[in-house]
Participant: 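A single structure is presented below for examination.
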Amino acid sequence: MSKKNYSYNPNEIEPRWQQKWEQDGIYHADIDPSRPKHYALTMLPYPSGDLHMGHWFAMTPSDSRARYMRMKGFNVMFPMGFDAFGLPAENAAIQRNIHPKEWTYANIERMRGQLRSMGAMYDWRREAISSDPKYYHWTQWFFIQLFKHQMAYRKDSAVDWCPNCNTTLAREQVKGDDRVCERCNTPVIKKQLEQWFFTTTQYAEEMLSFEQIDWPERVQTLQTNWIGRSEGASVVFESEYGDPMEVFTTRPDTLWGATFMVLAPEHPLVEKLTTPEQHAAVHAYQEQASRQSDIDRESAEREKTGVFTGGYAINPVNGERIPVWVADYVLMSYGTGAIMAVPAHDERDFDFAIKFGLPIIPVIENPAKVIKSVVMADSMKEGFDKAVDGNGIAVEKKYGNLLITLDEDKVQEYINIVQVYLKDNCWVEIAGSPWVFVFPETIEKWESTEADARILARCKEYDPKVAAFRSVMEMLNSQPAYQDVIYHSEYGKMINSGPLSDTPGDQAVQKTIQLLEERGTGKGAVNYRLRDWLISRQRYWGAPIPMIHCQTCGVNPVPEDQLPVLLPDDVEWLPTGESPLKLHPTWKKTTCPVCGEEAERDTDTMDTFMCSSWYHLRYLSPDYDQGPFDLAEYNYWMPVDTYTGGIEHATMHLIYTRFFHKALRDMGITEGHEPMTQLRNQGIVLGEDYEKMSKSRGNTVPPDKLVEDYGADTVRAYLMFFARWDLGGPWDSQGIEGSARWLRRVWTAFTEPVESGAEPPEEVSKALRRKLHQTLMAVTQDFENFEFNTIVAALMELMNEMYKAREQGAYGSPAWLEAEDVYLRMMAPIAPHMAEELWANLGKPYSIHHQPWPEVDAEAAREEEISLIVQVNGKLRDKITVPVEIDDEEAERIALASETVQRFLEGKAPRKVIVVKGKLVNIVV
RNA sequence: GGCGCGGUGGCGGAAUUGGCAGACGCAGCGGACUUAAAAUCCGCCGAUGGUGACAUCGUGUGGGUUCGACCCCCACCCGCGCUACCA
């Protein structure tokens, strides 16, 4: 078979192969019980109009990985679709008077073309689009199932509202410091509305377990924090009138220190507790709190506000009568909306108590602050006056403070330890030097007490910021105040706490809960930060909530045989953004499925996260009309084996989809406890200016142009090479030249024959095979671990070696032919077009993408010689080439014989010799 | 404030997880080919000193553990992300 010698022209090669692959359906994934299945899924895009570099970064490496799995022998399903409902479509409608449907489907068409240009192995027969009626039919059906199983409910509550998008938002869609809308960055406000919720909190505990899934630690942490489990107790106080007032606390052991209670402004008992005299003030406060958006609350710099209700509550442990206040630092949406306030042991309560002159009673004895045993000699126990540890540090008590004296040369060594002491009233003197370090507050305090004038003078005399000790001082100043120590009950013991006084700190919580349970006034309790999922959206472009409101029969689901509830096309958009569904003259008019009388449809649509919570199921059978998915497909393909996407979904989509799967499981629709077994996240591609790419910044890189200039293979290769996939990094428009050069070199190596006369020397063939199989080993391992950048690096390195071998006469030899074959297979997942073209050019059978992944020849990969590292006192002194199987004695002998080693030994006898087999000898003198 | 991630040449990044720091690539420098440029090929490329072989230093900072630390421990500094009056 003669090889063609022609130049690399990706713009010709790539579309040609894409077309052929499509025609031949080589990426079709069909049920095949004879092969192990692999469901590889990449998070589906929103059809915003253009594929940007972020899409490519998410999609091409995961495509490579799916291709690798296929070559490994798996029956791989790799589908693609569009998360097509959502606000941008509606905004386009308002701004440009295009129907959202038209806008969305035109974008999808354009993006399909772009996706094809990547040369990915998507099985387009499985495409699913969430705005298709055949899709949202089943989104609605799921809603009804959730409703029937009491997992969807309506509640009137204060919800987050985006005034710009004109809709409510789920808690997860409110972001950042200033609590803004996830979509448009407008600060959200609170509105009291009746809305649909899903009972995500029902699964809070279960979702904390990641035991059955291989998900990144980072995501696990984010989800765990988001779910926010706290352990403590629920304690029932009573109002003067006998109303139970339940509070949640993580510190039941401070119950005796509760000097007042605080209710959230929206708390139902506020009304009843408020005395006539306080009524006006409380009412005004409630009014003002409800009007305030969260950002207004922030802007007051957390200065505590609140009013006294005039009412009192009874502390169940000691019968104390304590005042009940209303304040907005207590949130209705967390815990019970009521707290017991313990100013002695809680900073927020402390601030509030100070501001309003409420009493403060400590119930935990000031705990010991001595933590480091290294410094604390036996003499340094409680009540010591002076102690010296013999290591250049002395501690003594003076004026109720601790004075720590350090030998000058010990400052650096002890600085960590000293910081421990410095959490409270401490100062440090350096022995033999004039330096004294004192907190400014401490000086102030001393000035007003009987402190030694001499010391005070010294403190003021020497500027603590003098250069040599500046950094030390900065470290000291950055120490947090001592609350974190004082608030930890493991130290110290309970005081002022009735029957529990003197209980050691480490048992305090448990003993208190025990006492509460005995008396029936409280119990151990767990609370979560996670809220139920608010699903209603007051928008048009979404799946209509399939519920009917009847004056007599209440709220009932649309009968399943009447699904889908179609979105009407003939709607008008108001610039105010009000939902066109609500304004539509006839659409909402219907009959009640129970009594048959006139009734109204729910005019809200569902959060689009509802659509994306189950799209992986729709891919199984996108045209199936007997249910959301075909069970046969489900049984073969599910669960998703590898899921890839951005980390930004950690506390949104990835929580919702887990909830959704578990809810479906409990309704008998799905099996198993988790929808996606393995999750991997890619990072973000930044612009060349190291900033996030954005149109307004003008730092975006258009992938289409790059494909035109370099070809998709080069873009794919560069995206895999330029940064660690899980971290992402800045784009470098020069850097892509490196990947382009690599592929051109590969092309040349495979298409330009070299005069090959004599057989290559034995060593050349051997070295080539060794490198080849070592590379194969590394590449295989890196594919398993999603370490794409080093795959490309390894292939570049091997290509450099192949060039050298070629020069040394290897071209055309059996080793060379093997290298060609294996090289193309390894390259196929990364540069599928070039690999296919060169494979064909070698006269090998179509298609390379049907070939199995090559096997490592471990014997060929084995090194025969190694370069033995010889160290003296841990420093590299010599490298000696020795056979791999060298034994320890021989290695030691050779190392000691080294001339350089002898020079560094300077005649001294080695005290100890450490030999690491086949690697290194370290001689200690 | 809390939680998490990260800090390695001019730049992006490697380093089998405790054993040659800087693979691979970009940029730069030198050379070959060319009338010339581009492309291509070859070589050099952490800092300091030395003509040189070589020596010393070097993975944010300060300590520690170890024969040996980018890697483990303690403390700190800086950057990024998430979160935030969560009781």
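Each chain gets a letter, A, B and so on, in the order the sequences are listed, and its residues count up from 1.
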Participant: Where each pair must be Watson-Crick or G-U wobble with both distances under 3.5 Å, what dot-bracket representation of RNA chain B is obtained, with crossing pairs in [ ] and other-strand partners as |?
Facilitator: (((((((..(((......[....))).(((((.......))))).((((....))))..(((((..]....))))))))))))....
Participant: Say we look at A55(B) and G4(B): how far apart would their C1' atoms be, to the nearest angstrom?
Facilitator: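 Each nucleotide's C1' atom is 44 Å from the other's.
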Participant: Considering only the P atoms, how many Å lie between G60(B) and C11(B), rounded to the nearest integer?
Facilitator: 13 Å
Participant: Which nucleotide in the list C85(B), U83(B), G19(B) gets nearest to the side chain of Asp328(A)?
Facilitator: C85(B)
Participant: Can you see if the side chain of Lys919(A) gets near the phosphate of G19(B) - specifically, an N or O under 4.0 Å from OP1 or OP2?
Facilitator: no
Participant: Quick check for you: among A87(B), C3(B), A27(B), whose closest atom lies nearest to any side-chain atom of Gln734(A)?
Facilitator: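 Of A87(B), C3(B), A27(B), A27(B) is nearest to the side chain of Gln734(A).
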Participant: Between U83(B) and G19(B), how far apart are the C1' atoms? Round to whole Å, please.
Facilitator: 41 Å
Participant: For A38(B) versus U16(B), give the span between their P atoms, rounded off to a whole number of Å.
Facilitator: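 It works out to 40 Å between them.
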Participant: Phosphate oxygens OP1/OP2 of U56(B): is one of them under 4.0 Å from a side-chain N or O of Arg877(A)?
Facilitator: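 Yes, because at least one side-chain N or O of Arg877(A) sits under 4.0 Å from OP1 or OP2 of U56(B).
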Participant: Between G6(B) and Arg218(A), is there an OP1 or OP2 to side-chain N/O distance shorter than 4.0 Å?
Facilitator: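 For G6(B), neither OP1 nor OP2 has a side-chain N or O of Arg218(A) closer than 4.0 Å.
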Participant: Using atom P in both nucleotides, what's the gap between A69(B) and U56(B) to the nearest angstrom?
Facilitator: 15 Å
Participant: Any idea how His649(A) and His653(A) line up, ring-wise: parallel (<30°), tilted (30 to 60°), or perpendicular (>60°)?
Facilitator: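 Plane angle over 60°, so perpendicular.
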Participant: Any side-chain N or O of Lys912(A) less than 4.0 Å from the OP1 or OP2 oxygen of U66(B)?
Facilitator: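 No, no such contact exists.
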Participant: The side chain of Asn800(A) lies closest to which of these nucleotides: C57(B), C86(B), G25(B)?
Facilitator: G25(B)
Participant: Kindly point out which of A55(B), A39(B), U83(B) is positioned nearest to the side chain of Arg903(A)?
Facilitator: A55(B)
Participant: What residues from residues 783-797 of chain A pass a heavy-atom cutoff of under 4.0 Å to RNA chain B?
Facilitator: Asn789(A), Thr790(A), Ala793(A), Met796(A), Glu797(A)
Participant: Do side-chain atoms of Lys692(A) reach the backbone of Val685(A) as a donor and acceptor pair under 3.5 angstrom?
Facilitator: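 No, the answer is negative, given that no donor and acceptor are paired below the 3.5 Å cut-off.
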Participant: Just N and O in the side chain of Thr250(A): are any of them under 4.0 Å from OP1 or OP2 of C86(B)?
Facilitator: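 For C86(B), neither OP1 nor OP2 has a side-chain N or O of Thr250(A) closer than 4.0 Å.
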Participant: Counting heavy atoms from C-beta on, name the nucleotide in C3(B), G19(B), A87(B) closest to the side chain of Thr221(A).
Facilitator: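 Nearest to the side chain of Thr221(A) among the choices is C3(B).
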Participant: P atom, G6(B) versus G10(B): distance in rounded Å?
Facilitator: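 After rounding to an integer number of Å, I get 23 Å for this pair.
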Participant: Could you work out the separation of U35(B) and G52(B) based on their C1' atoms and round it to a whole Å?
Facilitator: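 The answer is 40 Å between these two C1' atoms.
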Participant: Is any side-chain N or O of Gln871(A) closer than 4.0 Å to OP1 or OP2 of G68(B)?
Facilitator: no
Participant: Kindly say whether, by distance alone, the side chain of Lys304(A) makes a donor-acceptor pair under 3.5 Å with the base of C85(B)?
Facilitator: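 Yes, a donor-acceptor pair under 3.5 Å.
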Participant: Nearest to the side chain of Arg741(A), heavy atoms from C-beta on, is which of A87(B), C67(B), A27(B)?
Facilitator: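 Of A87(B), C67(B), A27(B), A27(B) is nearest to the side chain of Arg741(A).
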Participant: Side chain of Leu876(A) only, heavy atoms from C-beta on: which candidate in A21(B), A87(B), G19(B) is closest?
Facilitator: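 The closest nucleotide is A21(B).
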Participant: Ignoring hydrogens and angles, are the base of C20(B) and the side chain of Lys879(A) linked by a donor-acceptor pair under 3.5 Å?
Facilitator: yes
Participant: Quantified in whole Å, what is the P atom distance between nucleotide U8(B) and nucleotide C70(B)?
Facilitator: 15 Å
Participant: Taking side-chain hydrogen bond (donor to acceptor under 3.5 Å, both in side chains) as the definition, give me every residue that meets it alongside Ser733(A), ordered by chain and number, with sequence neighbours left out.
Facilitator: Glu688(A)
Participant: If we check salt bridge (charged side-chain N to carboxylate O under 4.0 Å, His left out) with Lys771(A), which of these qualifies: Glu863(A), Glu801(A), Glu797(A)?
Facilitator: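 Single salt bridge (charged side-chain N to carboxylate O under 4.0 Å, His left out) partner of Lys771(A) among Glu863(A), Glu801(A), Glu797(A): Glu797(A).
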Participant: Between Phe786(A) and Trp725(A), how do the two ring planes meet: parallel, tilted or perpendicular, split at 30° and 60°?
Facilitator: parallel
